[in-house]
Structure formats: structure tokens, C-alpha cells
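A quick note: this is a predicted structure, and the numbers were derived from the prediction, not measured.
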Protein chains: 2
Amino acid sequence: MVRAGLTTERVVRAGAELADEAGFDQLTVSALARRFDVKVASLYSHVKSSQDLKTGIALLALEELADRGDAALAGRAGKDALAALGNVYRDYAREHPGRYAAAQLRLDPATAAASAGVRHARMTRAILRGYDLTEPDQTHAVRLLGSVFHGYVTLELGGGFDHSAPDTQETWTRVLDALDALLRNWPAT
Amino acid sequence: MVRAGLTTERVVRAGAELADEAGFDQLTVSALARRFDVKVASLYSHVKSSQDLKTGIALLALEELADRGDAALAGRAGKDALAALGNVYRDYAREHPGRYAAAQLRLDPATAAASAGVRHARMTRAILRGYDLTEPDQTHAVRLLGSVFHGYVTLELGGGFDHSAPDTQETWTRVLDALDALLRNWPAT
DNA sequence: GCATTTCCCTAAAGGCTTTAGGCAAATGGG
DNA sequence: CCCATTTGCCTAAAGCCTTTAGGGAAATGC
């Protein structure tokens, strides 16, 4: 009997691909076993549970996203940096909808703290260096940017902007314009 | 044998309660049958499928949200209206996390068109009457507001803002301030 | 009072998750 | 090179969920 050469790494990566292709809600250990042409139980040597598999995909996505973010932010500041990071999230979600959905999973505190999630907060904060904000407004702005990026990407991907003009690319550009303007003219308390 | 008095309406409503209490991902037809102390197959006379039940809860949530929105917007304009609608979403999501999660389901186009979803777009657009925006910026702004409301509520509910000062209520207030300022000083193309 | 409709039931098939235990393939020390 | 150990995938089985088919009893109305 020829072995399939499974490893946790490869199982999680294949799970991410399956989620991207079939949708995150279609991701099951059974479907993944079929993809490897292997019996279901075999996967349980590499993955503790279905939940564990999903968490693994979430961690993978968070890391890939953070890597892209770091690369995009290098050498950029101000509005350039803002648009670059926004595009990273938007493009990633379009390319990898399943992974992006996984990245929204609620992780338990310990896992979250050890994840690339902290890099995301740092990246957003880095953008704000190009604007004149001090604490606590900086934190407020970090949260606002996170909300807009996540909210926009989710709604667009979910089809919330379908069937209405103008097209979403134009809106996205103008949203970035608006955020830049807002950060340059942040209202005083 | 005493009948349980099931109707589609009551099944969906109980499903919404179950989703709120146990989490949307814990919502199953089986769990719902247990709650009614009835056999699983009995529910299938009132609900076509598990998916159908979830869709029913989504439609219920969209309608409840729209009702609350209409009530909150009545007699308000400008920043007052902006804050009122934002609070409707935020409060609803906190009170009814399961329903709110259901409301994010992707509905098929026909169902979506017949849902209260269209009222939501109208409500957001109504807020903008208090600001000086013309098309296409009005649509851009509608989408931005939708993104912020949805994104903020989702992140806050998902614990994305936990373990970091300042508290989320303060941020929420300042986010509304910021959105108001942005709408009053919307950048020109 | 009886026929019809409505409602909930039993039964059963099929899929997913997860655990337990087994055999065969890879690995490596003697 | 051989044999022992480790590793990897398998079979088997239990439990829960979804969904459909068909039956019997309660409610309804003539």
C-alpha cells in the first residue's frame, strides 16, 4: 500500500485550498480525506479535530495576510500605506475567500495571542505614523480602520454591493480617499 | 397524544432564541426539536430544511433590525440620526448575537430582494439627507457606513477589541464623531 | 357522528466526527 | 543486510445530524 505522505502542514494547506474552492462551510474532514484519496480516520493522526483543522487554516491565513501586509507597507507612508494595506485585505479575501472566512474565526485567547493577529494591529498602527494622532485617538483610529477594512471586504464578498451602481472598485477608491481625509482631519474631542 | 402546536412562525422564532443562547453554529433542527420536546421529523413539516430554517431566522432578524431602525430614525437628522442607526445595529447584535449572525447569511438574489434588506439601504441613505452629498458620493457613503457599522459590530462581538484599552464604548462614540466629521467634510474627487 | 385534514410519530438511509485497535511500510542500529 | 521499532494508513464502530416516506391519532367541519 502506497502511503499518501500526509503531514499536518499539508493537510492544513489542502484544507485551505478546499475552503477557497468550495466555500468555508463546505470544509469537512471527510471532504478533505476524499481529496487526498485516503480514509477519513487517517487525517485524525495529523489533525486533532475538525475544529483544529479550521483553527490551523485561520492561523495560516492570518500569517499569510500579515506577510503580505508587511511587504506592502515597506517603504510606504500616509495615504500610500493606507491604500496598500487596505488592498492587501481586499485582494486576499477575493483570492482566498475560504481562508479569509477562516481568519474571522474566534480563537481562544491563548491561540489568538500567539497568532499573527498581533502583527495586524501593529501594521494598522504603523499606518497612523503618517498622520498626526495621539492616544487614545490612535487606538480609536486603529479600530475604525479595522472595522472599515473588514466590513467592506465582507460586504463586498458577500454580494452586499451587487446589483447597484456604481461599481465597487470606484467605491473602494473613494472610501480610501475618505479615510485619508478623515485621518488628516481627525475631530477633536 | 397532546400536540405541540408547531407553526413555521413559532419554529423560526424558537430557532432565533436558540441561536442567540447557544450560538448560531449550534443551531440544528435536532436541537430545536429537543427544545420543543418533539421528534426531529416533525419539524420538517414546518421547515423545508436546515438551510430554510436559517434563512427564516435571517429574514426575521433583517426585519426586526429594520423596524428598530425606522423607529430610531423617526424625527432625527444629521449626527443624531447617524448615532441612532449605528446604535440600533450595535445593540441588536449584542442582544441577539445569533440572529445577527443569521442576518449575515448570503441569501439568494430573489430572497434578498424580497427581504427587509432593501429597507436597510434606504435607512442609511436617509441619514445622508442631513449631509451635503450628491451621487455618486452618496452611494459611496452608504457603503462606507454599512461597512463601518457591520465591521465594528462584528469585530467587537468577536472579541477583536478585547484586552486593549480604552474600552469599546469610548471608541464607538469617537467613531461616530469621526463619521459625522467625515460626512460633513467629504473629500472632493 | 363521521369524513377530512392536520399534525406528529416511527422507520430508515446516508453523511460527518471521532476513537480504538491492527497491519504494513519506512527507518535505522547491529 | 536483517530485524526491531516507529510511523502511517486502514477497518470497525458508535454517536449525532439531516432528510424522506408513510402511518395513526387529534382536530375540524359538514
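The distance from atom CG of A/Asp25 to atom P of D/dT18 is 15 Å, rounded to the nearest whole Å. At whole-Å resolution of the value, CD in A/Gln51 and C1' in D/dC16 are 17 Å apart. Taking atom CG on B/Leu43 and atom P on C/dT6, their separation rounds to 19 Å, with Å as the unit. Look at NZ on B/Lys48: it is 12 Å from P on D/dT19, rounded to the nearest Å. The interatomic distance linking B/Leu32 (CG) with D/dC16 (P) rounds to 18 Å, in whole Å. The distance between atom CG of A/Leu6 and atom P of D/dT7, rounded to the nearest whole Å, is 15 Å. Rounded to an integer number of Å, the gap from A/Tyr44 OH to C/dG21 P is 18 Å. Atom CG in A/Asp52 sits about 13 Å away from atom C1' in C/dT17, given to the nearest Å.
Listed nucleotides: D/dT18, D/dC16, C/dT19. Nearest to the side chain of B/Ser30: D/dT18. Of the listed nucleotides (D/dT18, C/dG15, D/dC9), D/dC9 has the atom at the smallest distance from the side chain of A/Ser45. Here the nucleotide nearest the side chain of B/Ser50, chosen from D/dC17, C/dA11, D/dT18, is D/dT18. With distances taken from any side-chain atom of B/Thr28 to the nucleotides C/dT18, D/dT18, C/dC16, the minimum falls on D/dT18. When distances are taken from the side chain of B/Val38 to each of C/dC8, D/dC17, C/dT18, the shortest belongs to C/dC8. Taking every side-chain heavy atom of B/Ala41 into account, C/dT10 is the closest of D/dC17, C/dT10, C/dG15. Listed nucleotides: D/dC10, D/dT19, C/dC8. Nearest to the side chain of B/Ser42: C/dC8.
Residue whose closest nucleotide on DNA chain C sits further toward the 5' end, between B/Lys39 and A/Lys54: B/Lys39.
When the shell of 6.0 Å around CG of A/Asp67 is examined, it contains more than 12 heavy atoms from other residues, nucleotides or ligands. Within a 6.0 Å radius of CG in A/Asp37, other residues, nucleotides and ligands contribute 12 heavy atoms or fewer.
Proximity of a side-chain donor or acceptor of A/Tyr131 to a complementary backbone N or O of A/Lys79 within less than 3.5 Å is detected.
For the pair B/Arg34 and D/dC16, the criterion of a side-chain N or O lying under 4.0 Å from OP1 or OP2 is not met. The phosphate of C/dT6 (OP1 or OP2) has no side-chain N or O of B/His46 nearer than 4.0 angstrom.
Judged purely by distance below 3.5 Å, without hydrogens or angles, the side chains of B/Gln169 and B/Arg174 never pair a donor atom with an acceptor atom.
Rounding to the nearest 0.5 Å gives a distance of 4.5 Å between OH of A/Tyr152 and CD of A/Glu156.
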